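Being a predicted model, the structure only gives us computed values, none of them experimental.
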Amino acid sequence: MKKNIEALRHSASHIMAQAVMRLYPGTKLGIGPAIEDGFYYDFEFPGSFSEDDLEKITAEMKNIIKEGQPFERQVVSKEEAGRIFSDQPYKKELLDEIPEDEDVSLYRNSEFVDLCRGPHVDSTSRVKHFRLLKTAGAYWKGEEKNPMLTRIYGTVFPTGGELDGYLKMQELARERDHRKLGRELDLFSLHPEEAGPGLVFWHPRGAAVRRAIEDFWLNEHQRSGYELVNIPHVARSRLWETSGHLEFYKDHMYPLMEFEQGGSYVIKPMNCPGHILVYKNSIRSYREFPIRWAELGTVYRYEKPGVLHGLMRVRGFTQDDAHIFCRPDQVREEISRVLRFIIRMLSGFGFREYGVFLSTRPEKFVGTPKEWDEAEEALKEGLKEVSLDYEVDPGEGVFYGPKIDIKIKDSLGRMWQCSTVQVDFNIPGKFELEYVNDRGEKETPVMIHRALLGSLERFFGVLIEHYGGRFPLWLAPVQAELVPVSEKNLEYCLGIKETLESSGIRVGVSAGSDKLGKKIWRLRKLNVPYMAVAGDREAEEGVLSVRKLGGDQMKFSPEEFLKLLQDEISRGKGEP
RNA sequence: GCCGGUGUAGCUCAGUGGCAGAGCAAUCCCCUCGUAAGGGAUAGGUCAGGAGUUCGAGUCUCCUCACCGGCUCCA
């Protein structure tokens, strides 16, 4: 089945390329693979091209499909293939990468022929339910220095129902877009013109969610052997020279702040040098290890203009950062502790499926290969110990050490990078960190960087999309809203509000002269989990008519209502 | 940064060279109301910013900024 759909998608990409060649002769072909959700093909058009041209291509594709052209596999010598693609420079480049004596396979349908391993479906008529989706620029072979081609994305399914299902899913994802919900639910805003791109302003309702996240985070860290530290946001550039950031990370840093009387300061793009200064403030003994210092540390990074995206990719963000200082022989234990912690934290937020990636030694690295091997081994053992399946990304580690990245799967099946665990061989040496071992000798500690949620901004964005703006009670900006039927009942509601508030419930009151129906309508749009209506009848009995969002209505006393809320709040955090 | 697109009221969007518009939201008034929008009135704009073409530019051209879809990069 999986193979079939790949052949179908790959065939659709050939048909698209064929249509393009018919409509825009002289187009140079890049590559056109099947991908997870469909297919694409990269083109270099002789003239300009815009998204409006997709309709024309779609129409031509339909002709090709109607023609029912058989796909035929052909094996030719490399030399022969070179002649066939003589006017296709990108195809020739691909040919050059194939060993000299090997034959190559081609797929031909009617006048169109492509260098291709296959397989394909038997006829163009098999491609029935397709849709061209969007165009995009894409570097040839994905490398920034190469020319940019025009990529056309499309998708195709065996049945019309599956295509519709896919398109509906895309629509659902658009409706859940955290940027849209952030505005509608009054959670946050960005002010690119007034304040600068990629800088997040948390509104009261968003800040309430953040506070709930932070409280949970803090509590879990206190239970897990971490101490908290706090460091300033700016520091002399000297500190960042020592750390090497001014040399290696300058492109990602906001410009230096120069003082007239001399000396310059830097706004931190990372928290580690700050934590290191705390470490260096006294002589450390192996007996103190492992030292685990955590901080919700705000950093500022100059990200390229084109990469910013809502809360997911910003220029100022708060990492749930921590640095662990330990002996080399403690690394394995610390790694598995961190991994267990990550899973506990993420499942507390309702994420149960993960993609785990181990990034190993890149070409440019610091430290010795032996150190790297040991650290990679420690990471692997940690993963094994907590029985996490993982993929290896060879050579994708940071120059200073190998790392584990964990992506979480949201309710729409999309993966988001949040957690990261990195071993660092570089920075302890740069800052000449030391500890005294059990023989009274000075040694260099190992440092582990880790973030569980990643950044609060991105994590918030993921949460918004995961829950579609309908947060579980413990995270909801307003947990309960008291709704007086008329202004006569306002006093009664305000009294109950005070009771609930003093027990830590986030509660609002819908005052004002709007009719009940309108107030309810408004609260539903804001996804307030509990609405408690109080009119003359309730006031007389001393109760509330409580309705859960999307649920039934029941009468509760204020005390019963509080208990109900408290129970659900503690259950919601995934606590036992 | 690169390719393509977009920028009109707080939000969603009409307006293709000739008087700046609608719905929602906001404010005020009437209604004191029973579970998915009661009625009326008012206010709200440097049409992203700048330059140009034109008798005349929201509309056409160029530059800048920002955003959107991707590429590259990444928490």
Side-chain angles (χ1 to χ4, degrees), chain A residues 40 42-45 48-54 133-153 174 177 179-180 183-184 186 189-198 251-252 269-271 297 299 301 303-321 396 398 403 405-407 416-420 422 449-459 461-462 483-490 510 512-525 531-538 545-547 549-550 552-553:
Chain A
Y40 68 79
D42 288 343
F43 305 102
E44 187 181 283
F45 286 97
S48 66
F49 184 86
S50 81
E51 220 143 285
D52 303 332
D53 295 299
L54 292 186
L133 298 170
K134 59 198 170 194
T135 63
Y139 298 108
W140 169 239
K141 290 182 173 168
E143 282 175 41
E144 220 169 340
K145 58 180 196 297
N146 286 343
M148 180 159 278
L149 309 179
T150 303
R151 175 171 298 176
I152 302 178
Y153 284 96
R174 270 194 294 281
D177 190 312
R179 293 165 300 183
K180 183 172 180 276
R183 194 168 43 240
E184 288 172 2
D186 196 17
S189 57
L190 299 158
H191 303 272
E193 305 274 1
E194 297 93 325
D251 290 348
H252 287 273
M270 292 188 185
N271 299 306
V299 296
R301 297 182 184 173
E303 302 291 350
K304 290 178 186 173
V307 306
L308 300 173
H309 181 90
L311 296 178
M312 302 303 191
R313 190 77 187 274
V314 294
R315 284 186 177 161
F317 56 99
T318 300
Q319 293 181 305
D320 70 314
D321 210 352
E396 290 298 308
V398 205
K403 62 171 181 173
D405 287 325
I406 296 185
K407 295 182 182 184
W416 302 98
Q417 153 115 48
C418 292
S419 319
T420 182
Q422 308 182 350
H449 311 249
R450 48 113 277 197
L452 311 187
L453 309 177
S455 89
L456 292 181
E457 284 75 8
R458 175 180 292 177
F459 194 73
V462 173
V483 190
V485 171
S486 85
E487 283 170 25
K488 284 187 302 195
N489 312 113
L490 181 59
S510 289
S513 63
D514 285 326
K515 298 206 164 133
L516 184 58
K518 179 117 176 203
K519 288 177 180 173
I520 299 284
W521 173 75
R522 220 186 278 253
L523 294 171
R524 293 181 72 124
K525 281 217 311 187
M531 289 174 273
V533 174
D536 292 342
R537 297 203 291 268
E538 285 80 5
S545 289
V546 174
R547 192 170 71 174
L549 189 63
D552 293 332
Q553 184 181 318

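Contact annotation for A:Arg183: backbone-only contact, meaning every heavy-atom pair under 4.0 Å involves sugar-phosphate atoms and none involves a base. Residue contacts shown for A:Gly137 include a base, since a base heavy atom lies under 4.0 Å away. A:Ser545 comes within contact range of at least one nucleobase, with a heavy-atom separation under 4.0 Å. Here A:Gly535 lies in heavy-atom contact (under 4.0 Å) with a base. Within the nucleic acid shown, A:Val314 comes within 4.0 Å of at least one base atom, counting heavy atoms only. Nucleic acid contact class of A:Glu538 (heavy atoms, under 4.0 Å, all strands): base. Counting any heavy atom pair closer than 4.0 Å across all strands shown, A:Glu143 reaches no nucleic acid atom. The residue A:Lys515 sits close to a base: some heavy atom pair falls under 4.0 Å. A:Gly517 comes within 4.0 angstrom of sugar-phosphate atoms only, judged by non-hydrogen atoms across all strands, and of no base. Among the heavy atoms of the strands lying under 4.0 Å from A:Arg179 are primed sugar atoms or P, OP1, OP2 only; no base atom is included. Within 4.0 Å of A:Asp321, counting heavy atoms only, lies no atom of the nucleic acid at all. At a threshold of 4.0 angstrom between heavy atoms, the contacts of A:Ala138 are confined to the sugar-phosphate backbone, with no base atom among them. Using a 4.0 Å heavy-atom criterion, one finds that A:Gln417 contacts the sugar-phosphate atoms exclusively.
Nucleotides B:U35 and B:G70, compared at atom P, are 44 Å apart to the nearest Å. B:G38 and B:U32 are spaced 15 Å apart, taking the P atom of each and rounding to whole Å. B:A25 and B:A51 have their P atoms separated by 39 Å, with the value rounded to a whole Å. For the P atom pair drawn from B:A9 and B:A22, the interatomic distance equals 14 Å after rounding to whole Å.
Each of B:A75, B:U32, B:G1 was ranked by its minimum atom distance to the side chain of A:Glu487; first place goes to B:U32. Of the candidates B:A75, B:A66, B:U35, the closest approach to any side-chain atom of A:Leu516 belongs to B:U35. Here B:C3 is the nucleotide among B:G4, B:C3, B:G34 with the atom lying nearest to any side-chain atom of A:Thr150. Listed candidates were B:A75, B:U35, B:C67. Nearest to the side chain of A:Leu308 is B:C67. Considering only side-chain atoms of A:Val307, the nucleotide from B:U72, B:U32, B:G34 that sits closest is B:U72. For A:Met148, counting side-chain heavy atoms from C-beta on, the closest listed nucleotide (B:G70, B:A25, B:C33) is B:G70. For A:Val533, the listed nucleotide lying nearest its side chain is B:U35; candidates were B:U35, B:G70, B:A75.
Evaluation of atom-type donor-acceptor distances gives a pair under 3.5 Å for the side chain of A:Arg313 against the base of B:C73. The base of B:A66 lies outside donor-acceptor range of the side chain of A:Glu194, with no N or O pair under 3.5 Å. Side-chain atoms of A:Glu303 and base atoms of B:G1 include no donor and acceptor less than 3.5 Å apart. The base of B:C74 lies close enough to the side chain of A:Arg458 for a donor and an acceptor atom to sit less than 3.5 Å apart.
Both distances falling under 3.5 Å, in either a Watson-Crick or a G-U wobble arrangement, occur for no nucleotide opposite B:G45. Base pairing analysis places B:A57 opposite nothing; no Watson-Crick or G-U wobble pair with both distances below 3.5 Å involves it. Nucleotide B:A22 has B:U12 as its partner under the Watson-Crick or G-U criteria, with both atom distances under 3.5 Å. Nucleotide B:G17: unpaired (no Watson-Crick or G-U wobble partner with both distances less than 3.5 Å). In this structure B:G69 sits in a base pair with B:C3, meeting the Watson-Crick or G-U test at under 3.5 Å.
Mapped onto RNA chain B by nearest heavy atom, A:Gly196 and A:Ser455 fall at different nucleotides, with A:Gly196 at the one closer to the 5' end. Both A:Gly512 and A:Gly142 lie near RNA chain B, and the one whose nearest nucleotide falls closer to the 5' end is A:Gly512.
Distance check: A:Ile152 CD1 to A:Leu133 CG gives 11.0 Å after rounding to the nearest 0.5 Å. Note: A:His449 NE2 to A:Lys403 NZ = 11.5 Å, rounded to the nearest 0.5 Å. Put simply, CD on A:Glu538 and CG on A:Asp536 are 8.5 Å apart, with the number rounded to the nearest 0.5 Å.
The backbone N or O of A:Pro269 sits less than 3.5 Å from a side-chain atom of A:Arg301, completing a donor-acceptor pair. Panel note: side chain A:Lys519, backbone A:Pro484; a donor-acceptor pair is recorded below 3.5 Å. At least one donor-acceptor pair under 3.5 Å links the side chain of A:Arg450 to the backbone N or O of A:Asp320.
The interatomic distance linking A:His309 (NE2) with B:A75 (P) rounds to 17 Å, in whole Å.
Put simply, A:His191 has no side-chain N or O that comes within less than 4.0 Å of OP1 or OP2 on B:A66. Within the structure, a side-chain polar atom (N or O) of A:Lys488 is placed less than 4.0 Å from OP1 or OP2 of B:C33. In this model, the phosphate group of B:C71 is approached by a side-chain N or O of A:Tyr153 to a distance below 4.0 Å at OP1 or OP2. Between A:Lys304 and the phosphate of B:C73, there is no side-chain N or O to OP1/OP2 separation shorter than 4.0 Å. Between A:Lys518 and B:A25, a side-chain N or O to OP1/OP2 separation shorter than 4.0 Å is present.
Checking A:Lys180, A:Arg179, A:Arg174 one by one against A:Asp177, the side chain to side chain donor-acceptor pair (under 3.5 Å) holds for a single residue, A:Arg179.
The pair A:Lys141-A:Glu143 does not meet the salt-bridge criterion, since no charged nitrogen lies less than 4.0 angstrom from a carboxylate oxygen.
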